[in-house]
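To start, the structure under review is shown below, and the notes come after it.
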Amino acid sequence: MAFAKSNRMPVGAIQCENTTMSLLKANDYVAKGIRDKMQAQGTLLINITSSAGSGKTTLMQETARRLKDKINMAVLVGDLETERDAIRIREAGIPSLQIVTNGVCHLEAQMIQQAFGMLATDHLDLLFIENVGNLVCPAAFDLGEDYRVTLLASTEGDDKPKKYPRMFLTSELMLISKADLLPYIPFKVDAAIRDAREVNPEIEAITVSSTSGEGMDTWCEWLLARVQEKKESVLAEAL
Ligand SMILES: Nc1nc2c(ncn2[C@@H]2O[C@H](COP(=O)(O)OP(=O)(O)O)[C@@H](O)[C@H]2O)c(=O)[nH]1
Ligand SMILES: [Mg+2]
């Protein structure tokens, strides 16, 4: 095979790096617009990420049941196919809109922007984005969120923070989910938190179970404190 002068790139090869860089630049531009909109209306935006099946939708349902009478909240939820998660979340009593990505493995800021045309957000205190389930692609796309919260289920193994460092590096909070299963599984909570903090010394950690309710009060208090901070930051800007 012939090589270009640099001797590193086969002639005719597609330089994917450039495409990816311009895609990410465009994404960041739209993400900034979302961040500005959320700041103007005082809505806390939280991007929920994890592997598939770690309990994101169940957490959204349980969080809705606990907080929907205290704050206005909604969920945008991304999946490759089906509207099942949005239906589950609506059953918990809050608005939810499914973003079907048709095979794309992550949500992009443009998709969130488009969703605003179909889900009213102006009055919301808290908007969750449940991202597509995987620990790789969603890590690269800023959605304009205030916080990125990553679930690590006890069933996934405690080695994931070091294996998927970018996701944990870019998250402010790690939720160790399915805590009710910890007695039956060789998952070391301390090891998972230690590894996550070696990747990201600032990351906070809460152990939760949507099934037993363990840690849910701490999680909801964390959310309400962030909602309050957001309101205060909007007020401070108005002065
Ligand atoms: N034991 C246990 N199972 C859970 C918990 N949370 C979710 N699940 C189960 O895990 C599976 C995947 O949950 P789901 O919320 O759909 O995960 P998602 O793909 O991350 O949205 C479902 O069968 C849930 O019932 C939990 O806290 N404990
Ligand atoms: Mg889900």
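Atoms within a ligand are numbered from 1 in the order they appear, just like the ligands themselves. Just so you know, these numbers come straight off a predicted model, no measurement behind them.
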Measuring from the heavy atoms of S54, does anything fall under 4.0 Å of ligand 1? yes

Residues D142, R35; criterion salt bridge (Lys or Arg N to Asp or Glu O under 4.0 Å); working and verdict: CA-CA 10 Å; D142 180 12; R35 193 165 276 118; 2.9 Å; yes

Return yes when atom NZ of K163 has more than 12 non-hydrogen atoms of other residues, nucleotides or ligands closer than 6.0 Å, and no otherwise. no

The single option from L152, T155, D159 passing side chain to side chain contact (heavy atoms under 4.5 Å, CB included) against F187: L152

Is it true that I48 and M111 fall in one hydrophobic cluster, defined by side-chain heavy atoms closer than 4.5 Å? no

Going by the 4.0 angstrom heavy-atom rule, the piece of R88 near ligand 1 is side chain

Tell me which protein heavy atom sits closest to atom 2 (C) of ligand 1, plus the residue, atom name and distance to 0.1 Å. T211 OG1, 3.3 Å

Are the side chain of K68 and the backbone of A92 linked by a donor-acceptor contact shorter than 3.5 Å? yes

Answer yes or no for M60: is there an N/O/S atom below the 2.8 Å cut-off from the Mg ion (ligand 2)? no

Is ligand 1 under 4.0 Å from a heavy atom in the side chain of D180, in the backbone, in both, or in neither? side chain

Out of T49, I89, V132, T58, whose heavy atom sits nearest atom 6 (N) of ligand 1? T58

What do you reckon, does L59 have a nitrogen or oxygen under 3.5 Å from a nitrogen or oxygen of ligand 1? no

Only to 10 degrees, please: what angle do the OD2 atom of D85 and the OE2 atom of E130 make about the Mg ion (ligand 2)? 100°

Protein non-hydrogen atoms only, distance under 4.0 Å: does atom 22 (C) of ligand 1 have such a neighbour? no

K56 neighbourhood, listing ligand 1 atoms whose heavy-atom distance to it stays under 4.0 Å: 15 (O), 17 (O), 18 (P), 19 (O), 20 (O), 21 (O)

So does K231 pair up with D125, basic N to acidic O under 4.0 Å? yes

Could you give the distance from CZ (F168) to CE (M174), rounded to the nearest 0.5 Å? 6.5 Å

Ligand-residue contact atoms, ligand 1 with E130, heavy atoms, under 4.0 Å: 21 (O)

Considering non-hydrogen atoms of the protein only, which is the closest contact for atom 19 (O) of ligand 1, and what is the distance? G53 N, 2.8 Å

Could you tell me, atom by atom, which parts of ligand 1 come under 4.0 Å of a heavy atom of S210? 27 (O)

Under 3.5 Å donor-acceptor, N200 side chain and E172 backbone: no

Any protein heavy atom at under 4.0 Å, with atom 13 (O) of ligand 1 as the reference point? yes

To the nearest 0.5 Å, tell me how far L45 CG sits from R148 CZ. 11.0 Å

For atom 17 (O) of ligand 1, the closest protein heavy atom turns out to be G55 N, 3.1 Å

Just jot down the ligand 1 atoms closer than 4.0 angstrom to any heavy atom of L181, in number order. 1 (N)

Which value, rounded to the nearest 0.5 Å, describes the distance between I193 atom CD1 and E198 atom CD? 13.0 Å

the protein heavy atom lying closest to atom 10 (O) of ligand 1 turns out to be K178 NZ, 3.0 Å

Nearest 0.5 angstrom please: S54 OG to K178 NZ, how far? 6.5 Å

